[in-house]
Amino acid sequence: MRHFLRDDDLTPAEQAEVLDLAAALKADPYGVKSLAGPKTVAIIFDKATLRTQASFAAGVAELGGYPMIVDGNLAQIGTRESIADVARVLGRQASVIVWRTADQSRIDEMAAYAGVPVVNALTDQFHPCQTLADLLTIREHLGATTGLTMAFLGDAASNMSHSYLLSGAAAGMHVRVSGPDGYEPDPAILAKAQQVAAGTGGSASFVAEAKQAAEGADVLITDTWVSMGKEQEKADRAEVFQPWQLGADLMALGAPHAIAMHCLPAYRGKEITAEVLDGPRSVVWDEAENRRHVQKAILTWLLR
Ligand code: CP
């Protein structure tokens, strides 16, 4: 039984296969009915969402399946009953379980007991569906991923930073994550990314200076400075993260063809300026659309 719980659950070759499938599904959205029946996909949210719910629901429908949205506030998974018991119940109702939750250990436990594939729709540690969408977007705009440099600017200790390290390394990219003191990536994840990169010709590093990280980058990426669950730190973070704001100055340090990415929701004037987010180098709406195509691909691939 295969799951997609973190980016390195796919080997580099498997990641490329899923991205190729996503591109094919994007070109022919109704051509594959891997959820015909309709098969049910349980899609559970313990946290806020727009893009993830919309793209999974639409994608499951396009594959001929039924998206069963489960409100985590009602299910109270791990409180009203154990994660293992929820997994056993949902695994008998659904062909795949998709879950947005808090700690990675929760989705690991779901996968251990579900008896069906489980997909991570964001945890505190990883957001692998988002980074797959971003890799597809990079392929579309820059023609490839191999050998390109990606700079993630902001909270380098965040789930997005971790997922870019692992997924970018698998895609043969040179991944630089950059953030203030105290916001460095998990050393174990950075080491894993470096190990993966050694096999793909890429690299993975933490860069302390935002300008150094942006220098010559093909892709400049940021995300909210206040990840879900960190809202009480909002004021402190606004000050300490200011040098990492993705504005025209950092974009100018990138390659002439550099693109700007943000997984959304975005806060103009905080982690990214309106000029960049709404400007000609921004590909954020393609990223949001591509969530549907890559998620259809990963669901189809897991069920094969
Ligand atoms: N990017 C992303 O995961 O969006 P949502 O939080 O709205 O689902």
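Counting convention: from 1, in listed order, for ligands and their atoms alike. Small disclaimer: the values here were computed from a predicted structure and weren't measured.
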| said: Are there over 12 heavy-atom neighbours, none belonging to Gln76, within less than 6.0 Å of that residue's CD? | reply: yes

Would you tell me whether [X] and [Y] have side-chain atoms, one donor and one acceptor, within less than 3.5 Å of each other?
X	Y	result
Asn159	Gln130	no
Trp244	Thr222	no
Glu287	Thr137	no

Taking only heavy atoms of [X] into account, list the atoms of ligand 1 that are under 4.0 Å away from them.
X	value
Arg291	1 (N), 2 (C), 3 (O)
Thr52	2 (C), 3 (O), 5 (P), 8 (O)
Gln130	1 (N), 2 (C)
Leu264	1 (N), 2 (C), 4 (O)

| said: Polar contacts were defined as any N/O atom of the residue lying under 3.5 Å from an N/O atom of the ligand; does this apply to Gln53 and ligand 1? | reply: no

Give me the residue, atom name and distance of the protein heavy atom closest to [atom].
atom	value
atom 4 (O) of ligand 1	Arg51 NE, 2.9 Å
atom 7 (O) of ligand 1	Leu50 N, 2.7 Å
atom 6 (O) of ligand 1	Arg100 NH1, 2.8 Å

| Heavy-atom gap His127 to ligand 1 smaller than 4.0 Å | yes

| task | Work out whether the distance between some heavy atom of Leu122 and some atom of ligand 1 is less than 4.0 Å. | result | no

| message | So if I apply the side-chain hydrogen bond (donor to acceptor under 3.5 Å, both in side chains) rule between Ser55 and each of Arg291, Lys296, Gln295, which one comes out positive? | response | Gln295

| query | What's the shortest heavy-atom distance between Asp186 and His162, and which atoms? | reply | N-NE2, 3.0 Å

| Relative to each other, are the rings of Phe241 and Trp225 parallel, tilted or perpendicular (30° and 60° limits)? | parallel

